[in-house]
Number of protein chains: 2
Amino acid sequence: MRVLLVDDHALFRDGLKLVLKQLGEEVEISECGTCEEAYEIIKESEGFNLILLDVDLPVISGIEGLQEFRKLDPSAPIVFLSGADDQKLIRKALELGVMGYIPKTLNSEIIVQALRLIMKGGRYVPDNILLQADEPAHQEIILTMRQKEILNLISQGKANKEIANILGIADNTVRVHISAIFQILKVNNRTEAAFAALQEGLVSPY
Amino acid sequence: MRVLLVDDHALFRDGLKLVLKQLGEEVEISECGTCEEAYEIIKESEGFNLILLDVDLPVISGIEGLQEFRKLDPSAPIVFLSGADDQKLIRKALELGVMGYIPKTLNSEIIVQALRLIMKGGRYVPDNILLQADEPAHQEIILTMRQKEILNLISQGKANKEIANILGIADNTVRVHISAIFQILKVNNRTEAAFAALQEGLVSPY
DNA sequence: CCAAAAATAGTACAGATGTACTACGCTCTA
DNA sequence: TAGAGCGTAGTACATCTGTACTATTTTTGG
């Protein structure tokens, strides 16, 4: 069995390698600390039975790199490793079609069980986290493309006039969009909107 | 030798325990996943020779919990473990007087050497990161208490009047503070200020 | 104790922001 | 083809925001 382990924390890799050996007979582990290295390894290999991918990788995150892994080794089930028990992240991961989401807080016994499950074609997602996520019944926020564009510019601290210039429209139009955005996000001003955008993952804090 | 290992990632603890055993003869390792548990362990123990503390812990972060560790076991050298190679964080850690800062990306050989150094009374800080930190010459941003309070409220999307009400001062005064904050942060409006505050770690995105 | 820094507060003003309207063209779908 | 939704744009208006002043009181450090 061939496993590829991508995580920038060398010691965590060491710990996980021990766990993987409990998985069974002949486990052959390739490891690296970045997506870029992982791509090279896959190209030089004959495919893996399992890819364990840290979501929080430097340069190219696991989420960003996921598609490339799919291309390079379409048959390998991909499991996300994550330091954060983030409900949204898990949902996104599942949407992206990963076969598992393993929080690094899990102890080795549970991880072994989870990986066995995944190797048999199942999925593993920590239930406590999914239950948590069900609660809020948090209504999906849907914005039009234009609204997302403008929300992004708002989040950069741009003024209405600047936004109008950038998009080549009248600043009255910008205001109309902004009013609409505020209603959808249920906020009253651009600073609240910016933070709402952050929380919804619509913008990133650079 | 007694070592306390506080990290919420069970597998990382496993990896690190292996490394610690390389440190020498009789290493006795206590481990847990949160500061709260760690406090209990220290109270029930006779003191440690080394405390390894993850900075990014749930509920109480390593940085927040540091003082309490100091109180409970003043003689134990404290070493931060961190998943992020963050220059600012390292500087802050050193200011707080920790004896070492170990990025989780380090491999085991280097960690062993670093821990040996620290056990002998030295300090370990990854040089590549410190060099990096020198470059930006990023001037420290110093705000008064009042300014921080107001910056926080700005980041919550509060209007000047609301801030004035909350703090029990005139909204003219709020404006004066805000003008000062903008100059210090080199920004032009409250949304930019909110994001600058985020980047500087002055507020958290809840 | 004095000087500097911080916090307070006022007046004044230009410009930005947010809302409420109306209105028109475009695209898609029933 | 009618209606819905989107993007565009205008007018009007009340309010908020940010800056530039001046000025007083409190706190703090040398």
Side-chain angles (χ1 to χ4, degrees), chain A residues 138-203 205-206, chain B residues 92 95-97 138-203 205-206:
Chain A
H138 173 61
Q139 179 178 343
E140 188 80 45
I141 286 174
I142 300 167
L143 297 178
T144 67
M145 270 288 102
R146 208 47 156 177
Q147 288 169 345
K148 281 182 195 168
E149 268 182 304
I150 289 178
L151 181 53
N152 252 287
L153 293 167
I154 287 177
S155 296
Q156 288 165 35
K158 298 270 193 288
N160 291 344
K161 278 188 186 173
E162 291 180 278
I163 296 174
N165 278 330
I166 292 169
L167 298 181
I169 58 181
D171 78 326
N172 272 312
T173 307
V174 174
R175 287 165 191 225
V176 174
H177 285 301
I178 289 179
S179 272
I181 292 168
F182 287 2
Q183 286 201 348
I184 295 171
L185 296 183
K186 296 195 182 70
V187 299
N188 299 302
N189 59 56
R190 41 186 67 217
T191 306
E192 280 181 19
F195 271 74
L198 243 192
Q199 287 182 319
E200 295 301 323
L202 298 171
V203 301
Y206 10 103
Chain B
K92 182 167 279 182
E95 280 170 26
L96 292 171
H138 174 62
Q139 178 175 345
E140 188 80 44
I141 286 173
I142 300 166
L143 296 178
T144 67
M145 268 291 105
R146 208 44 156 177
Q147 288 168 345
K148 282 182 196 168
E149 268 182 304
I150 289 178
L151 182 54
N152 253 287
L153 293 167
I154 287 177
S155 297
Q156 287 165 36
K158 298 271 194 287
N160 291 343
K161 277 187 185 173
E162 290 180 278
I163 297 173
N165 277 331
I166 291 169
L167 298 181
I169 58 180
D171 77 328
N172 273 312
T173 306
V174 174
R175 289 165 192 224
V176 175
H177 285 302
I178 288 179
S179 273
I181 293 169
F182 287 1
Q183 287 200 347
I184 295 171
L185 297 183
K186 298 195 182 70
V187 298
N188 300 301
N189 60 57
R190 40 186 67 215
T191 306
E192 281 180 17
F195 272 75
L198 244 191
Q199 287 182 322
E200 294 300 323
L202 299 170
V203 301
Y206 11 99

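Just so it is clear: chains get the letters A, B, ... in the order the sequence lines come, proteins before strands, and each one is counted from 1.
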[X] side chain near [Y] side chain, heavy-atom distance below 4.5 Å:
X        : Y        : result
A:Phe182 : A:Glu192 : no
A:Leu185 : A:Leu151 : yes
A:Glu149 : A:Asn152 : no
A:Phe195 : A:Val187 : no

Return no unless some side-chain N or O of [X] is found under 4.0 Å from OP1 or OP2 of [N].
X        : N      : answer
A:Asn160 : C:dT17 : yes
B:Arg190 : C:dA16 : no
B:Ser179 : D:dT19 : yes
A:Thr173 : D:dA9  : yes
B:Arg175 : D:dT19 : no

In this structure, how many angstroms lie between the [atom2] atom of [N] and the [atom1] atom of [X], rounded?
X        : N      : atom1 : atom2 : result
B:Met145 : D:dT28 : CE    : P     : 13 Å
B:Lys148 : C:dA6  : NZ    : C1'   : 14 Å
B:Gln147 : C:dA6  : CD    : P     : 7 Å
B:Ile150 : D:dG18 : CD1   : P     : 12 Å
A:Lys158 : C:dA16 : NZ    : P     : 15 Å
B:Arg146 : C:dA5  : CZ    : P     : 20 Å
A:Lys161 : C:dT17 : NZ    : P     : 9 Å
B:Ile184 : C:dA5  : CD1   : P     : 13 Å

Check every atom of [options] against the side chain of [X] and return the nucleotide holding the closest atom.
X        : options               : answer
A:Thr144 : D:dG7, D:dT8, D:dG18  : D:dG7
A:Asn172 : D:dT11, D:dG7, D:dA9  : D:dT11
A:Phe182 : C:dT8, D:dT17, C:dT19 : C:dT19
A:Ile169 : D:dA9, C:dT8, C:dT17  : D:dA9

Taking only distance into account, with no hydrogens and no angle test, what donor-acceptor pairs under 3.5 Å do side-chain atoms of residues 165-172 of chain A form with protein atoms, sequence neighbours excluded?
none

(request) Find which nucleotide of DNA chain C each of B:His177 and A:Ile178 is nearest to by heavy atoms, and output the residue with the more 5' nucleotide. (result) B:His177
